[in-house]
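The shown structure was predicted, so the numbers you read here are calculated from the model rather than taken from an experiment. Below, each value reflects all heavy atoms present in this structure, side chains not excepted, and no hydrogens, waters or symmetry copies.
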Amino acid sequence: MTPRQQWRPGYPVAAGVFAIGMAGTTLPTPLYGLYRQELGFSELMVTVVFAAYALGVIAVLLLAGHVSDEVGRRPVLLCALGLSAASALCFIFEGGLPALFAGRVLSGFAAGLFSGAATAAVLELAKPGQEGRAGFAATAANMGGLGCGPLLSGVLAQYAPWPLTLPFLVHLGLLAVAAVLTWLLPETVGNPRRARLRPEGVRLPPEVRGVFTPCAVAAFAGFSLLGLFTAVAPSFVSRTLDVDNLAVSGAIVCTVFLGSTLGQLLTGRLGVRRALPGGCLVLVAGLVLVSTSLAVRSLPVLVIGAVCGGIGQGLAFRAGLTAVGAAAPPAHRGGTISAFFLVAYLGISLPVVGVGALTLALGLRGAGLAFSGCVIALVGCVGLYVLRRPPAEE
């Protein structure tokens with residue numbers, strides 16, 4: 001027997017590969033301030049570089065979201081790991097803005113492939129009776145990986161040499177380990193075949209539209225909060241709160257994603273009908289705390305707001321995704337869920353670029369307050385709507 005036949009890793013290994021891949025997408029977050037000093041670009045350009053990642057994700061979801069269903073999970077995961085490695089090399093050999101843009105776009109391509117193929121692999125590798133744990137493992141790997149990226153790079157940049165190089169070298173090592181584990185994973189797609197890249201488009205059947213709109217808007221708002229913290233929170237921390245420790249900046253960003261993971265865990269216990277409006281309410285509370293921290297210049301209040309906002313985002317996101325998936329007819333479920341993720345990733349990019357533009361006129365503090373006010377109003381309206389017309393349980 002070959003080693004691969006003797007040991008067949010299950011869904012926890014696939015979840016670990018997923019987490020390593022997603023960590024690379026947020027690895028540059030605490031380092032943007034260093035890039036600004038080195039290259040001399042504005043806060044607006046920071047948000048544009050960040051948004052290039054989301055555009056890469058959206059492009060892959062539209063063009064290749066179906067590929068792992070045809071060619072198999074392992075080939076797509078290996079391709080995503082290769083794209084992650086290429087992104088890391090762009091940052092290691094960075095020579096200006098073009099390399100940063102290339103690195104972020106490649107990272108977006110990788111995340112787009114991971115989001116579908118890795119999630120499916122984790123769920124399909126679960127044995128009977130493990131479906132619930134595997135579902136949470138996929139969620140935790142996604143959001144936990146996103147949270148660990150800035151924590152890892154922040155600690156290394158603050159306390160180790162080569163702050164703009166070592167984090168990506170470490171991640172390359174982790175990607176090598178993940179590639180070996182991926183090669184050992186059993187293939188869960190029967191009779192894989194050659195796939196053709198073709199735009200899948202956005203399919204939204206009539207019977208799901210009433211549920212889709214409020215759920216997708218809540219996801220858009222929640223991902224806007226994640227985008228704000230991922231793209232510009234380190235600048236807020238250093239320039240508004242006068243905290244220059246990169247490890248602290250990375251830890252603050254990490255708390256948002258850990259809060260999201262906790263919120264998604266709680267969704268299963270609360271149920272969709274309570275979790276969606278409840279998540280909107282908690283997200284509003286988190287945004288109020290974030291804006292308060294900017295107004296009074298308080299780091300502890302910012303951390304509490306990050307945790308609270310993350311929990312709200314996690315509650316609303318998983319509840320919305322569950323409601324949309326349950327309402328969609330089986331023949332159109334994949335396309336409907338892809339449309340849901342497209343709206344969410346628009347939320348992680350477009351508002352953040354708007355914040356960057358506002359900083360030119362209002363400064364970081366004013367832009368953060370304006371952003372919080374707009375998202376509070378949006379989430380509040382969605383929360384009231386779903387409170388009056390809650391979605392059905394799965």
Inset, instruction - Show your reasoning for whether side-chain contact (heavy atoms from CB on, under 4.5 Å) applies to Met143 and Leu258. - result: CA-CA 7 Å; Met143 290 298 169; Leu258 293 181; over 6 Å; no
Inset, instruction - Report whether Ile311 and Leu281 are members of the same hydrophobic cluster (ILVMFWY, side-chain heavy atoms less than 4.5 Å apart, transitive linking). - result: no
Legend entry - Considering all heavy atoms, the nearest Pro150-Leu146 contact: CD-O, 3.0 Å
Legend entry - Thr182 (side chain) donor-acceptor with Arg74 (main chain) under 3.5 angstrom: no
Inset, instruction - Check Ala306 against Val256 and note the closest heavy-atom contact, atom names and distance. - result: CB-CG2, 3.5 Å
Inset, instruction - Using the side-chain hydrogen bond (donor to acceptor under 3.5 Å, both in side chains) rule, collect all pairs that involve residues 148-159, keeping only residues at least two apart or in two chains. - result: Tyr159-Asn245
Legend entry - Common cluster, Met45/Tyr32, ILVMFWY with side-chain heavy-atom separation under 4.5 Å: yes
Inset, instruction - Could you walk me through whether Val76 and Phe114 pass side-chain contact (heavy atoms from CB on, under 4.5 Å), step by step? - result: CA-CA 8 Å; Val76 173; Phe114 273 122; over 6 Å; no
Legend entry - Interatomic spacing from CG in Leu174 to CG in Leu169 - rounded to 0.5 Å: 11.5 Å
Legend entry - Where Ser115 and Leu61 come nearest, the two heavy atoms and their spacing: OG-CD2, 3.9 Å
Inset, instruction - Answer yes or no: is there a side-chain heavy-atom contact under 4.5 Å between Leu270 and Leu315? - result: yes
Legend entry - 4.5 Å side-chain heavy-atom contact, Leu299 and Ile252: yes
Inset, instruction - Identify the heavy atoms of Ala160 and Leu166 that sit nearest to each other, and give their distance. - result: CB-CD2, 3.5 Å
Legend entry - Rounded distance (nearest 0.5 Å) linking atom CG of Leu226 with atom OH of Tyr345: 9.5 Å
Legend entry - Any donor-acceptor pair under 3.5 Å from Thr25 side chain to Gly21 backbone: no
Inset, instruction - May I ask whether Leu55 and Leu346 are part of the same hydrophobic cluster, defined by side-chain heavy atoms of I, L, V, M, F, W, Y residues being less than 4.5 angstrom apart, directly or through others? - result: no
Inset, instruction - Quick one: do Leu172 and Ile92 satisfy side-chain contact (heavy atoms from CB on, under 4.5 Å)? Show the steps, please. - result: CA-CA 10 Å; Leu172 280 176; Ile92 290 172; 3.6 Å; yes
Legend entry - Main-chain N/O of Val290 paired with Ser293 side-chain donor or acceptor, under 3.5 Å: yes
Legend entry - salt bridge (Lys or Arg N to Asp or Glu O under 4.0 Å) between Glu187 and Arg73, intermediate numbers included: CA-CA 6 Å; Glu187 180 54 70; Arg73 309 302 181 201; 5.3 Å; no
Legend entry - Residue pair Trp183 / Leu78, side-chain heavy-atom distance below 4.5 Å: yes
Inset, instruction - With the side chain counted from C-beta on, respond yes when Leu302 and Thr292 share a heavy-atom pair under 4.5 Å apart, and no when they do not. - result: no
Inset, instruction - Taking the side chain as every heavy atom from C-beta outward, state whether Glu38 and Leu164 have any atom pair closer than 4.5 Å. - result: yes
Inset, instruction - Please report the closest heavy-atom contact between Cys308 and Leu289, naming both atoms and the distance. - result: CB-CD1, 4.2 Å
Legend entry - Side-chain donor or acceptor of Thr261 paired with backbone N/O of Ala140 under 3.5 Å: no
Inset, instruction - Report whether Ile304 and Val301 are members of the same hydrophobic cluster (ILVMFWY, side-chain heavy atoms less than 4.5 Å apart, transitive linking). - result: yes
Legend entry - Co-membership, hydrophobic cluster, residues Leu34 and Val253, 4.5 Å side-chain: yes
Inset, instruction - Verify, without hydrogens or angle tests, whether Ser87 (side chain) and Leu83 (backbone) share a donor-acceptor contact under 3.5 angstrom. - result: no
Inset, instruction - Check whether any side-chain heavy atom of Thr29 sits under 4.5 Å from a side-chain heavy atom of Pro234, and report yes or no. - result: yes
Legend entry - Side-chain donor or acceptor of Ser291 paired with backbone N/O of Val288 under 3.5 Å: yes
Legend entry - Pairwise distance CD(Glu94) to CG(Leu39) - rounded to 0.5 angstrom: 5.0 Å
Inset, instruction - Flag the pair Phe229 / Phe236 as yes when their ring centroid distance falls below 6.0 Å, and as no otherwise. - result: no
Legend entry - Tyr53 ring center within less than 6.0 Å of Phe101 ring center: no
Inset, instruction - Would you name the heavy atoms of Leu113 and Cys79 that are closest together and state the gap between them? - result: CD1-SG, 3.9 Å
Legend entry - Leu100 and Leu97, any side-chain heavy atoms less than 4.5 Å apart: yes
Legend entry - Straight-line distance of Leu62 CG to Leu342 CG, nearest 0.5 Å: 5.0 Å
Legend entry - Distance (rounded to the nearest 0.5 Å) between Leu321 CG and Phe340 CZ: 5.0 Å
Inset, instruction - Calculate, to the nearest 0.5 Å, the distance between atoms CG and CG belonging to Leu31 and Leu246 respectively. - result: 7.0 Å
Inset, instruction - Mind telling me whether Phe91 and Phe168 have parallel, tilted or perpendicular rings, with 30° and 60° as the class edges? - result: parallel
Inset, instruction - State whether the side chain of Arg318 and the backbone N or O of Gly314 hold a donor-acceptor pair below 3.5 Å, judged by distance alone. - result: no
Legend entry - Close side-chain approach of Cys215 to Leu276, heavy-atom, < 4.5 Å: yes
Legend entry - Audit row: Leu125, Thr188, side-chain contact (heavy atoms from CB on, under 4.5 Å) steps and yes/no: CA-CA 7 Å; Leu125 286 170; Thr188 58; 3.6 Å; yes
Legend entry - Hydrophobic cluster partners of Leu362 (side-chain heavy atoms under 4.5 Å): Leu358
Legend entry - Side-chain donor/acceptor of Ser224 to backbone N/O of Phe220, under 3.5 Å: yes
Inset, instruction - With sequence neighbours left out, write down each residue that passes side chain to side chain contact (heavy atoms under 4.5 Å, CB included) with Arg297, or none if nothing qualifies. - result: Thr240, Leu241, Arg365
Legend entry - Side chain Thr165, main chain Trp162, donor-acceptor under 3.5 Å: no
